Protein chains: 2
Amino acid sequence: MHDVARLAGVSQSTVSRVLSTSTSQVPISEETRQKILNAVQELGYQPNMTARSLRTQRSQMIAIMIGDISNAFYHPIVRAIQDVARARDYDVLISNSDHVYENERRFLDTVLRRPVDGIVMAPHRLSTEELDQFILRSHIPVIALGAQVEHTLMDVVGGTSEPATYEAVAWLIQEKGHRRIGFISTIDDMPPGPARCKGYQRAMLDAGLSIEPGYILKHAFTLDGGRHAMHEYLAQPNPPTAIFGANALMAIGAISEAQALGYRVPQDFAIMGFDDIPEATIIHPHLTTVVRNLPEIGVQLAEILFERIDGEVSGPGRFFQSKWMLVERGSV
Amino acid sequence: MHDVARLAGVSQSTVSRVLSTSTSQVPISEETRQKILNAVQELGYQPNMTARSLRTQRSQMIAIMIGDISNAFYHPIVRAIQDVARARDYDVLISNSDHVYENERRFLDTVLRRPVDGIVMAPHRLSTEELDQFILRSHIPVIALGAQVEHTLMDVVGGTSEPATYEAVAWLIQEKGHRRIGFISTIDDMPPGPARCKGYQRAMLDAGLSIEPGYILKHAFTLDGGRHAMHEYLAQPNPPTAIFGANALMAIGAISEAQALGYRVPQDFAIMGFDDIPEATIIHPHLTTVVRNLPEIGVQLAEILFERIDGEVSGPGRFFQSKWMLVERGSV
DNA sequence: CTGAAAGCGCTAACAG
DNA sequence: CTGTTAGCGCTTTCAG
């Protein structure tokens with residue numbers, strides 16, 4: 001910056017004024033501005049964000065913590081957030097928790113040491129208390145994806161799990177005539193398993209159907225989790241005729257496993273999932289599933305976060321209910 | 001840090017000595033060290049990485065630029081890099097180029113402004129000159145994935161495209177008896193399309209087979225790219241009997257489209273791809289493909305990068321040839 | 001073994 | 001409208 005100043009024949013602080021976006025309150029003569037811009041051009045100068053961050057206490061960086069980079073559910077969301085961030089000259093730090101507690105905690109420590117201006121996260125293992133304590137301490141705006149989080153201090157986008165699963169299972173019962181319905185949930189009662197399971201249970205209860213032992217299985221939130229679950233159902237003497245997987249990956253894994261063992265979907269097993277990912281329309285039959293507009297959710301997350309980053313909004317956490325719809329394809 | 005110093009009854013610089021990992025040359029009394037560690041614990045102090053970076057000119061951060069977050073090819077690689085980085089207390093900045101030139105250039109600008117200690121990238125649009133110029137200017141170690149890059153100043157891991165495609169196409173000819181073979185390449189001659197296409201052409205030439213007009217199609221590196229390509233083949237009066245997709249996503253898209261239009265794979269069309277992703281074993285028939293050990297490649301990329309970051313290696317770029325194997329599944 | 005002090009590259013008062 | 005100056009929170013000489 002000194003070099004630029006020397007070349008332009010001005011002081012270093014004048015260069016800073018021209019280059020730092022914020023300070024538009026101080027007027028600069030058009031001539032000086034041009035001299036400086038030319039010097040910047042000639043030297044190919046790029047401001048040092050580290051120094052700028054230290055001084056301004058803002059990093060021009062947001063952090064995203066997702067549960068599983070292999071889960072295509074996150075991709076449109078991450079992409080949308082990146083796009084919004086990019087348009088505002090923000091960089092994005094991405095972290096992958098793999099649904100492991102230590103990784104989630106570590107993420108919090110990381111953003112405490114390397115202050116970011118805002119955080120989007122899909123917490124699975126962290127408790128509401130831990131999250132609240134973090135926010136109290138760091139004062140970094142946080143927005144969470146998923147109704148699993150109580151919204152005391154952070155904004156939340158979600159709330160589809162219980163009602164959408166209820167609607168889906170009720171549809172399986174009323175429109176498709178199923179009475180023996182299984183539900184593949186998550187290990188360790190990790191979100192969003194329990195919320196979706198509640199929707200399933202309520203739908204079964206409202207229809208007067210019993211949930212037999214072995215109907216609810218708990219597995220990893222992955223393709224293989226779904227495969228293992230299907231394997232377990234097939235070992236049962238009287239397995240369900242329909243299965244709802246708490247996410248799309250598990251549902252697809254279940255279809256894949258059923259077919260590998262010679263069963264037909266949907267004739268032998270009707271299988272339904274939650275969320276729409278590319279794999280849902282790669283497998284045959286295509287997956288009947290709960291569809292949310294994922295890119296839209298991503299944009300929403302980013303924009304709500306930036307409201308707080310920009311100081312337009314403060315105060316207690318807000319809740320944003322996402323929309324959904326049931327899309328019938330071949331798997332039911 | 002001042003607060004910690006006050007609580008421990010020492011000077012701020014002593015606290016720094018205890019906390020900063022590097023300075024082990026200066027001895028500290030065990031008593032003082034304990035006092036400081038206790039104070040850190042009590043206050044829950046976390047060092048400010050921004051300030052540390054400004055002072056040390058190191059960021060404890062590496063950046064990754066991938067071509068497409070939706071392409072599962074990158075997931076095991078990114079995950080492996082993150083794991084290696086995490087083990088060394090490095091954070092990871094991820095950027096998604098979507099194979100767009102502006103995004104790749106912008107990535108370079110970003111890491112120039114926010115100096116990272118090292119870069120892993122899968123360049124598609126940047127020229128060797130641009131990359132070299134960047135390295136000359138920034139002195140940041142860069143490692144690239146893919147043989148598409150001439151390795152003058154940066155390390156490269158790759159080199160499978162031409163030989164692996166040659167082997168695959170030769171196998172299609174000799175073992176599977178195909179004579180009319182199509183190749184789906186990338187738009188704008190974007191890597192790794194051309195390198196793989198060369199392997200295809202060489203195999204056809206060596207077998208004395210002619211490449212008819214319309215055999216080589218150019219499409220986006222995505223599922224939809226593959227679908228469109230298949231659509232085009234089907235409009236031809238005399239389409240190929242076997243098709244090699246330059247990546248797995250395109251090959252799977254081609255299978256999906258063929259089936260949607262009532263054709264059978266592999267009876268009507270034998271389809272083969274490059275790289276193994278989860279979707280390859282979701283679709284029926286499963287994709288016959290060139291398999292590389294992706295997590296291993298990720299670890300390799302990270303470790304080679306850290307060799308330079310740690311100063312163990314310097315000098316001209318090195319080249320690391322990856323291994324591969326052909327895995328026959330149902331699609332051929 | 002520990003403290004004082006300089007300075008990383010920038011921004012933002014404060015003067016003029 | 002522009003220059004001078006004081007830090008942001010650390011690390012690292014230089015003294016002692």
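Chain letters run A, B, ... following the sequence lines, proteins first, then strands; residues in each count from 1. Just so you know, these numbers come straight off a predicted model, no measurement behind them.
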Quick one: label B/S53 by what it contacts on the DNA or RNA (base, sugar-phosphate, nothing), any heavy atom closer than 4.0 Å.
nothing

Tell me what A/T50 touches on the nucleic acid: a base, only sugar-phosphate, or nothing, going by heavy atoms under 4.0 Å.
nothing

Do the side-chain N or O atoms of [X] get closer than 4.0 angstrom to the phosphate oxygens (OP1, OP2) of [N]?
| X | N | result |
| --- | --- | --- |
| B/S13 | C/dG3 | no |
| B/Y45 | D/dG9 | no |
| A/T56 | C/dC10 | no |
| B/Q57 | C/dG9 | yes |
| B/S29 | C/dT2 | yes |

Flag side-chain contact, heavy atom, 4.5 Å: [X] against [Y]:
| X | Y | answer |
| --- | --- | --- |
| A/D155 | A/F319 | no |
| A/F134 | A/L112 | yes |
| B/Q60 | B/D91 | no |

Of B/R55 and B/V10, whose nearest nucleotide on DNA chain C comes first from the 5' end?
B/V10

Ranking D/dT2, D/dG9, D/dC10 by distance to the side chain of A/T32, first place goes to D/dT2

Which whole-number value in Å describes the distance from [X] [atom1] to [N] [atom2]?
| X | N | atom1 | atom2 | result |
| --- | --- | --- | --- | --- |
| A/L54 | D/dC10 | CG | C1' | 8 Å |
| A/M1 | C/dC8 | CE | P | 14 Å |
| B/Q12 | D/dT13 | CD | C1' | 14 Å |
| A/R52 | D/dG7 | CZ | C1' | 17 Å |
| B/Q60 | D/dT11 | CD | P | 11 Å |
| B/H2 | C/dA5 | NE2 | C1' | 11 Å |
| A/R113 | D/dC8 | CZ | P | 22 Å |
| B/Q46 | D/dC10 | CD | P | 11 Å |

Both B/A51 and B/T14 contact DNA chain D. Which one's nearest nucleotide lies toward the 5' end?
B/A51

Ring-plane angle category for B/F221 and B/H124, please: parallel below 30°, perpendicular beyond 60°, tilted otherwise.
perpendicular

Do the side chain of B/R17 and the base of D/dT13 come within less than 3.5 angstrom through a donor-acceptor pair of N or O atoms?
yes

I'd like to know if B/D188 pairs up with B/R125 as an ion pair, taking the criterion as any Lys NZ or Arg NE/NH1/NH2 lying under 4.0 Å from an Asp or Glu carboxylate oxygen.
yes

